Structures are given as C-alpha cells and as structure tokens.
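Letters A, B, ... are given to chains in the order of the sequence lines, protein chains preceding strands, and every chain is numbered from 1. Being a predicted model, the structure only gives us computed values, none of them experimental. The figures that follow rest on heavy atoms only: side chains count, while hydrogens, waters and symmetry mates do not.
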Number of protein chains: 2
Amino acid sequence: MDQKVDTRSRILNIAEAAVLEKGFEATSIEEIVAGAEISRGGFFYHFKDKNALARAMLERYIDAENALYDDLFARARELNDDPLHCMLIGLKLLAEMLEEMPTGHPGCVIASTAYQDRLFDEGVRDLNRQAILGWRKRFRGMFEEITQVYEPREAVNMDALGDMVSGVVEGGLVLQRALREHNNASEQIMLFRTYLKLLFADKQ
Amino acid sequence: MDQKVDTRSRILNIAEAAVLEKGFEATSIEEIVAGAEISRGGFFYHFKDKNALARAMLERYIDAENALYDDLFARARELNDDPLHCMLIGLKLLAEMLEEMPTGHPGCVIASTAYQDRLFDEGVRDLNRQAILGWRKRFRGMFEEITQVYEPREAVNMDALGDMVSGVVEGGLVLQRALREHNNASEQIMLFRTYLKLLFADKQ
DNA sequence: ATCCTGACTGTACTGCGAGTCCAGTTGACC
DNA sequence: GGTCAACTGGACTCGCAGTACAGTCAGGAT
C-alpha cells in the first residue's frame with residue numbers, strides 16, 4: 001500500500017501524461033491499460049467510462065493547481081507583507097515555475113476541456129466552471145486587499161481583473177502550445193505583472 | 001453557380017457550425033453529409049479525409065479573422081490618426097463586436113486546434129502557428145508605431161505585447177466557454193485596453 | 001451526335017476504439 | 001474456510017473513419 005502505487009492512481013498518472021501530451025480524444029483506453037499494465041476489464045472496474053476518468057483527472061488537476069497557488073502566494077507573503085508586492089512576487093514565482101518546466105507547462109486541462117466539452121457530461125463541465133470561479137474569487141480577494149492600500153489609476157472591474165489572471169495563463173498556454181515555443185505563458189504573466197505595477201502605482 | 005452555394009463551401013459551412021458548437025472530434029462526417037445533403041462518397045470526393053477538412057476550415061477561419069482585423073483597424077484609423085488612439089478604438093470595436101454576437105463568439109478555432117493537435121497533421125499545425133505569428137507581427141507593428149510617439153512607462157517586449165492581444169482574446173474565449181458567460185472575452189479586451197492606456201500615458 | 005470529364009450517388013467492406021457482459025482467478029483479512 | 005475487493009480474459013455490439021469501386025448524370029468540347 002506504500003511501495004506500489006495503487007492501480008487507480010497509476011491509471012490517472014498514465015492517463016494524465018498522455019492526455020496532456022496529445023489530448024483526451026487521442027488517448028485510447030487501450031494505451032492507458034497497456035501503460036498501467038492492467039486489463040481493459042480492470043480499467044472499467046475503476047472508471048465506468050472515459051467520462052469518469054476525465055472527471056477524476058480534472059478533480060486532481062484542480063486540487064493540484066489550487067495547492068500550487070496556495071503555496072506560491074504563501075511564500076510570497078512571507079517575503080513581503082504588502083498585498084501588492086505579495087501579488088507581484090507570487091506572479092514572478094509563477095512565471096519562473098512555468099519556465100522551469102523543461103517541456104513547457106503540460107498545458108491547462110481547463111482549456112482543453114472547454115473546447116471539447118460536448119464529449120463530457122454536465123459533471124465535468126461544472127467542475128471546470130467551479131475551478132475558474134474559484135480562481136476568480138481568490139484573485140479578486142487579493143486585488144481588493146491591494147485597493148485598500150493603493151488607489152488604482154483607472155477604474156477596473158475586480159471580477160474581470162481576477163479572471164484576467166486565469167485568462168492570461170490560459171491564453172499564454174494556448175500560444176505556447178500552438179507556437180511550439182517555451183516561455184510564452186511566463187512572458188504573458190510578466191506582462192500582466194507590469195500591468196498591475198502601472199495600475200497600482202500610488203499609495204492611497 | 002450563383003444561385004446555390006457550391007458543395008465544397010456548403011460542407012465547410014455546415015462543418016464549421018458543428019465544430020464550433022461541439023468540437024472537431026464530436027462532429028461526425030455522417031452528420032455533415034446529412035446537413036449538406038450529399039452522400040458520404042461526395043464528401044470524400046472533396047476532402048480526402050477529416051484532416052483535409054480541418055485544414056480548409058482553418059484556412060477559411062484565419063482569412064476571415066485577418067479580414068476582420070484589417071477592417072476594424074482601418075475604420076479606427078479613419079476615426080483617429082494617432083497610432084495609440086487608433087489601437088484603443090480598434091480594441092473597443094473588437095470588444096463591441098464580440099459582445100454583439102448573441103450566442104457569444106463561436107470560440108476561436110486556434111485554441112481548439114492547439115489542444116487537439118495530435119489529431120491533425122503537420123500542415124494543420126503549421127497553419128495554426130503561422131496565423132498566430134501573423135497576428136504577433138501585425139500588433140507588434142502597431143505597438144512600434146505607438147512607441148514612436150509615446151514613451152512607454154515600463155519597458156516591455158514588443159513581440160510579447162503583440163502576442164498578448166491574441167492571448168487575451170484566446171484566454172477570454174476559454175473563460176467564456178468554460179463559464180458559460182457571455183462577455184468575458186470583451187471584458188478582457190477592455191482590461192487590456194486600459195493596460196495600454198496606462199503604459200503609453202505620456203507623449204515623448 | 002458523341003465523347004469526355006467533373007461531380008457526384010450508393011453500397012459494401014475493413015479496422016479501430018468505446019463500452020457491455022460475464023465467468024473465472026487471486027490474495028488478504030476475519 | 002469463507003468472503004470480498006480487485007482484478008483477468010474473452011467475446012460481443014456499435015458507431016465512426018476511411019477505402020474501393022461501379023455506376024449516374026449534366027454540360028461543354030469536338
């Protein structure tokens with residue numbers, strides 16, 4: 001129970017790698033079971049269909065992403081107590097993290113899921129939606145803290161600004177994937193960081 | 001030859017609507033031929049396989065998008081000769097255009113293709129890449145014109161800033177699609193517009 | 001009038017992958 | 001020794017992509 005990873009997790013690991021590399025539809029159950037060294041029957045024992053697999057993968061991915069953000073901004077907070085600088089440091093850390101991934105970031109499952117959503121059931125779609133709404137709330141909260149200290153130079157909708165973090169990451173990953181370049185996402189985050197510096201230049 | 005749309009275009013129209021609504025994989029040749037009222041043989045007469053269809057669709061989509069940008073910024077230029085204001089007006093027009101689409105923007109084929117790229121051959125992938133590089137060049141050119149008149153408050157990489165237009169649109173469309181909201185993309189564009197206003201605030 | 005060609009129709013076939021069904025095996029723990 | 005969870009293995013259906021090919025049909029070219 002400690003030495004060998006349990007089968008379900010092994011399936012998820014193999015599937016995640018394959019799906020991030022080539023997409024959900026292009027990944028066959030055949031190759032997943034081959035990679036995990038189980039039988040087709042074994043796969044369907046754990047997941048009633050591909051939809052259930054997608055759902056489990058998405059849940060795991062979202063949890064990991066949230067844990068990453070928690071960690072990143074906690075570290076940033078340790079370095080600087082000012083909410084703006086905390087945000088700026090967190091974004092820098094995020095950008096660095098994306099750059100350090102040798103093959104480039106695996107690519108956000110959110111976008112991939114969004115564009116193939118007819119393949120999935122309502123549960124999967126809703127999971128996706130809730131994840132983005134969660135990030136909106138997280139970042140809007142951080143931006144509201146900033147506005148208590150800094151006067152924004154231009155009026156902006158805080159929900160939209162919160163969404164922009166996710167949007168810039170997603171958009172950057174799309175570019176990176178399509179262009180086959182390696183640091184578009186981190187560059188885009190750094191540009192967004194500059195935006196925040198310009199927006200919150202003056203203390204209240 | 002005038003009255004009825006030729007079969008190839010009819011196939012592309014039907015396919016485009018279906019693909020934008022539910023994705024490429026989820027669209028079967030069966031339903032395309034049913035919609036276009038032709039036989040399966042007829043379909044394969046025009047397109048050797050689904051890949052050729054994807055390629056033709058992408059070509060048409062990219063041409064349309066480029067024509068749209070040409071038109072938008074030409075109109076903006078008529079309204080104001082200053083390169084910054086031309087850019088700001090063009091983005092406003094783009095945002096308005098996205099909002100006016102009742103069902104929301106169909107969703108950019110670029111992102112969709114990027115995340116399913118293993119389904120496609122090198123030709124399709126390259127088409128995608130070239131399109132984004134074209135937009136990078138277009139917007140970088142516009143930003144360089146702006147910097148000849150306005151001093152940017154912060155140093156930014158002009159290629160990355162050019163990419164940010166595409167990235168913000170793509171990212172916004174991903175959010176919109178996943179959230180099932182209607183104006184995220186236009187909101188994101190307006191936020192990016194504010195960024196430019198802050199970045200190029202002072203004349204040289 | 002005839003021939004040719006481009007644009008199809010219609011049918012029959014292969015092959016792959018998802019998903020179902022189910023009978024049987026194996027190892028752990030109670 | 002019995003029970004149960006975690007499988008294996010094989011046979012089957014179904015939908016869809018793609019192949020193959022024979023035949024039809026309208027409209028020029030000669």
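Both A:Gly41 and A:Ser28 lie close to DNA chain C; mapped to their nearest nucleotides by heavy-atom distance, the more 5′-ward contact belongs to A:Ser28. Checking B:Phe44 against A:Ile38, the closest nucleotide of DNA chain D that is more toward the 5' end is the one next to A:Ile38.
Summarising the geometry, atom CZ belonging to B:Arg55 is positioned 8.5 Å from atom CG belonging to B:Asp126; distances are rounded to the nearest 0.5 Å.
More than 12 heavy atoms of other shown residues, nucleotides or ligands fall within 6.0 angstrom of atom CD in B:Glu122.
In this structure, CZ of B:Phe47 is placed 18 Å from C1' of D:dC16, rounded to the nearest angstrom. Counting to the nearest Å, the P atom of C:dG17 and the CZ atom of A:Arg40 are 10 Å from each other. Rounded to whole Å, atom P of C:dA18 lies 8 Å from atom CD of A:Glu30. Remark: P of D:dA6 and CZ of A:Phe43 are 16 Å apart, rounded to the nearest angstrom.
Listed pair B:His46 / C:dC8 meets the phosphate criterion, a side-chain N or O lying under 4.0 Å from OP1 or OP2. The phosphate of C:dC8 has OP1 or OP2 within less than 4.0 Å of a side-chain N or O from B:Thr7.
Ring orientation note: the planes of B:Phe143 and B:Phe200 are close to parallel, at an angle under 30° on the 30°/60° scale. Using cut-offs of 30° and 60° for the angle between ring planes, the B:Phe192 and B:Tyr195 rings count as perpendicular.
Nearest to the side chain of B:Lys50, among C:dC8, D:dG18, C:dG19, sits D:dG18. Nearest nucleotide to the side chain of B:Ser39, out of D:dG18, C:dG19, C:dT9: C:dT9. Considering only side-chain atoms of A:Tyr45, the nucleotide from D:dA17, D:dA5, C:dG19 that sits closest is D:dA5.
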